[in-house]
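Heads up, the thing below is written out as structure tokens.
Each chain gets a letter, A, B and so on, in the order its sequence line appears, and its residues count up from 1.
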2 protein chains.
Amino acid sequence: MVVTKRIDGDNKTLMTSVYDRLRLDIVDGELRPGGKLRFEELKERYGIGLSPLREALTRLASEKLVVLEEHKGFHVAPISRADLLDLLFMRQEVEVLGIRRSIEAGDDAWEAGIVGAIHALGKRDSLTSDGHIDPEWERRHHAFHDSLVAASGSPRLMFLRAQLTDHADRYRRLSHHYQRSGRDHLAEHTAIADAVIARDPIAAERLIRAHLARTVEIILDSDDLQIIAQDK
Amino acid sequence: MVVTKRIDGDNKTLMTSVYDRLRLDIVDGELRPGGKLRFEELKERYGIGLSPLREALTRLASEKLVVLEEHKGFHVAPISRADLLDLLFMRQEVEVLGIRRSIEAGDDAWEAGIVGAIHALGKRDSLTSDGHIDPEWERRHHAFHDSLVAASGSPRLMFLRAQLTDHADRYRRLSHHYQRSGRDHLAEHTAIADAVIARDPIAAERLIRAHLARTVEIILDSDDLQIIAQDK
DNA sequence: GTTTGCTATATTTACGAAAATATATACAAT
DNA sequence: ATTGTATATATTTTCGTAAATATAGCAAAC
């Protein structure tokens, strides 16, 4: 019954909102790998003061999306083949763990979530008419993968997984080649969903490992080495 | 041949050094779980301004050693049975992964590192004469466990492992009971080292899982529920 | 022509004060 | 006595500026 004086209820601090925006701009490739992040530019760009900016960048540095060199400033984290391979390794292990535990502990609601997610995913084409990845498809794609591990029951695993997903998304979006590859997503996803719902951890592990590896192969198997493009 | 004007070469920023000190104070239990971190107190305590303090706390929040509630301030991360069990789960998986990969990829230098580390560890008693854990033993204990996974070759895995180690150290040091338990560390450690050097991943996995679980059992099997002690 | 050393400029880092928000206290009404 | 409302206090968040550090430009020496 209490009526607050504040109308909007926007409780976010400037630090948090500029953190969100910076994170998106980096994951989207808007801010290029290796690029220097100058405070004057960022202040201009986001219309904000120094303090919340520095805090947001500090947080991003701790998540390895940016790099801090003391007294020299912040850079967008560079990308490399070696890093992409390390990322693949971690993603495989984390996804496998999450799926394995979900298979052990998941209830009917968890299964239903997967069925619903893959159904929604199948209703939508991954590419729009002009050949770009459909944002709504991407949203559902994320939702599907989330649904697989939703019963893992480990906050730490889920937190780590979210960070790794950000890193992976950045590589994917930096790869023009990836968007042009005529990959049959639905078949792969359906196979994974089937194995998981059948509670077959062995098959699920094999399929998810291959699924993740395939993405990296597509990115690496191209001369699309935007991957090397790094400002200083 | 260049003589820098600066004598000491201390390149650290205030943010970094206060980050280090805060981290240690939290891991040591000096700043108690759940305790509020007021800026006036911290400024006083560390003799430093607001800006570097906020940045350090932001970084610690991102590592889950402190918690930030917007507009309400920072707290030392609370502890709980559930969190300790989640931590155990992650540590087991991460250690197993690191050891498995090291067994696959490790060279002679890696093996030598383990042999050297366990030798040094055996030379030192875990408890001092007055019944406290010997800091030098603890250093060597860390060094031994590090040596096991030193050949894993995954920056992300090592980074994650370091964070989990901080969390685990905090629980261990908060547990008075743990320090009183007459545990035979050397036998456990030697068995692990033997299995790893024999390149037996199955035995190594079994032993390291039990080793980590044992620590948690000791902490939980006591009324020593300092674990519940949380200021608001 | 390359390197060394100095000066000027650009940039990051840190502080102190102002603004915004939350918490505590006092008072009034039922 | 308890709930609700207004006021005062404490605390966090943010900005603008000063201090510290690094980078770039330029002249002199080898």
Side-chain angles (χ1 to χ4, degrees), chain A residues 1-22 26 31-32 34-62 65-77 230-232, chain B residues 1-22 26 31-32 34-62 65-77 230-232:
Chain A
M1 300 327 150
V2 176
V3 177
T4 64
K5 237 173 243 168
R6 222 168 345 106
I7 305 273
D8 56 358
D10 182 2
N11 219 16
K12 279 170 89 173
T13 137
L14 286 185
M15 180 284 225
T16 301
S17 56
V18 78
Y19 163 82
D20 285 336
R21 293 181 64 189
L22 274 165
I26 291 171
L31 296 169
R32 277 186 307 183
K36 183 145 180 46
L37 296 163
R38 278 188 202 82
F39 283 107
E40 280 309 317
E41 286 178 29
L42 297 178
K43 267 171 61 177
E44 175 82 8
R45 175 171 187 150
Y46 298 104
I48 208 175
L50 270 181
S51 320
L53 257 177
R54 284 194 61 90
E55 279 178 47
L57 288 172
T58 299
R59 203 170 143 192
L60 288 165
S62 158
L65 281 176
V66 323
V67 172
L68 166 60
E69 266 185 301
E70 315 240 295
H71 294 295
K72 291 197 185 172
F74 293 88
H75 290 250
V76 179
Q230 308 183 23
D231 319 359
K232 74 156 187 232
Chain B
M1 300 325 152
V2 176
V3 178
T4 62
K5 235 173 246 168
R6 226 173 338 111
I7 305 273
D8 56 359
D10 183 2
N11 220 15
K12 280 170 88 174
T13 86
L14 287 184
M15 180 281 227
T16 301
S17 57
V18 77
Y19 162 82
D20 285 336
R21 294 181 64 189
L22 274 165
I26 291 171
L31 296 169
R32 277 186 308 183
K36 182 146 180 43
L37 297 163
R38 276 187 205 82
F39 283 106
E40 280 309 318
E41 287 179 28
L42 297 178
K43 269 171 61 178
E44 176 83 7
R45 173 169 189 151
Y46 298 105
I48 208 175
L50 268 182
S51 321
L53 258 176
R54 285 193 61 90
E55 280 178 46
L57 288 172
T58 299
R59 205 171 142 192
L60 289 164
S62 156
L65 280 176
V66 323
V67 172
L68 166 61
E69 266 185 301
E70 316 239 294
H71 295 293
K72 292 195 183 171
F74 292 87
H75 290 250
V76 178
Q230 309 183 22
D231 321 357
K232 73 154 183 224

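- Heavy atoms of A/Leu53 sit nowhere under 4.0 angstrom from any nucleic acid atom.
- Listed nucleotides: D/dA22, D/dC15, D/dT13. Nearest to the side chain of A/Lys72: D/dA22.
- Looking at B/His75, its side chain never comes within 3.5 Å of a backbone N or O of B/Val67 through a donor-acceptor pair.
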- Query: Does the pair A/Arg54 and B/Glu55 meet the rule for a salt bridge (charged side-chain N to carboxylate O under 4.0 Å, His left out), with working shown?
  - Reply: CA-CA 7 Å; A/Arg54 284 194 61 90; B/Glu55 280 178 46; 2.5 Å; yes
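- Across all strands shown, A/Glu70 has heavy atoms under 4.0 Å from sugar-phosphate atoms exclusively, and none from any base.
- When each of B/Glu40 and A/Ile48 is assigned the nucleotide of DNA chain D with its nearest heavy atom, B/Glu40 is the one assigned upstream, toward the 5' end.
- At the phosphate of D/dT14, OP1 or OP2 sits under 4.0 Å from a side-chain N or O atom of A/Thr13.
- Across B/Val18, B/Thr58, B/Leu37, a single residue satisfies side chain to side chain contact (heavy atoms under 4.5 Å, CB included) together with B/Leu53, and that is B/Val18.
- Across the protein-nucleic acid pair, A/Lys12 atom NZ and C/dT21 atom P stand 15 Å apart, rounded to whole Å.
- Regarding B/Met15, its CE atom lies at a distance of 9 Å from the P atom of C/dA14, rounded to whole Å.
- Comparing C/dT13, D/dT13, C/dA14 by their closest approach to the side chain of A/Phe74 singles out C/dT13.
- To the nearest angstrom, P of C/dT11 lies 14 Å from CD of A/Glu44.
- Closest to the B/Arg54 side chain, of the nucleotides C/dT21, C/dC15, D/dT14, is D/dT14.
- The two atoms that bring A/Val66 and A/Leu57 nearest to each other are CG2-O, 3.5 Å, heavy atoms only.
- Nearest nucleotide to the A/Ser51 side chain, out of D/dT14, D/dT13, C/dA14: D/dT14.
- Residue whose closest nucleotide on DNA chain D sits further toward the 5' end, between A/Lys43 and B/Gly73: B/Gly73.
- For B/Phe39 and C/dA19, the CZ to P distance is 20 Å, given to the nearest whole Å.
- In this structure, B/Glu69 atom CD and C/dT21 atom P are separated by 17 Å, rounded to whole Å.
- Distance from the side chain of B/His71 is smallest for D/dT13 among the nucleotides D/dT14, C/dA14, D/dT13.
- Atom pair A/Leu14:CG and C/dT21:C1' shows a separation of 13 Å (rounding to whole Å applied).
- Note on B/Lys36: a side-chain N or O is less than 4.0 Å away from OP1 or OP2 of D/dT12.
- Side-chain contact between B/Arg59 and B/Leu65 is absent, with no heavy atoms from C-beta onward closer than 4.5 Å.
- The CG-C1' distance, from B/Leu50 to C/dA19, rounds to 14 Å in whole Å.
- Between A/Arg38 atom CZ and D/dA24 atom P the separation is 9 Å, expressed in whole Å.
- At a threshold of 4.0 angstrom between heavy atoms, the contacts of A/Leu57 with the nucleic acid are absent.
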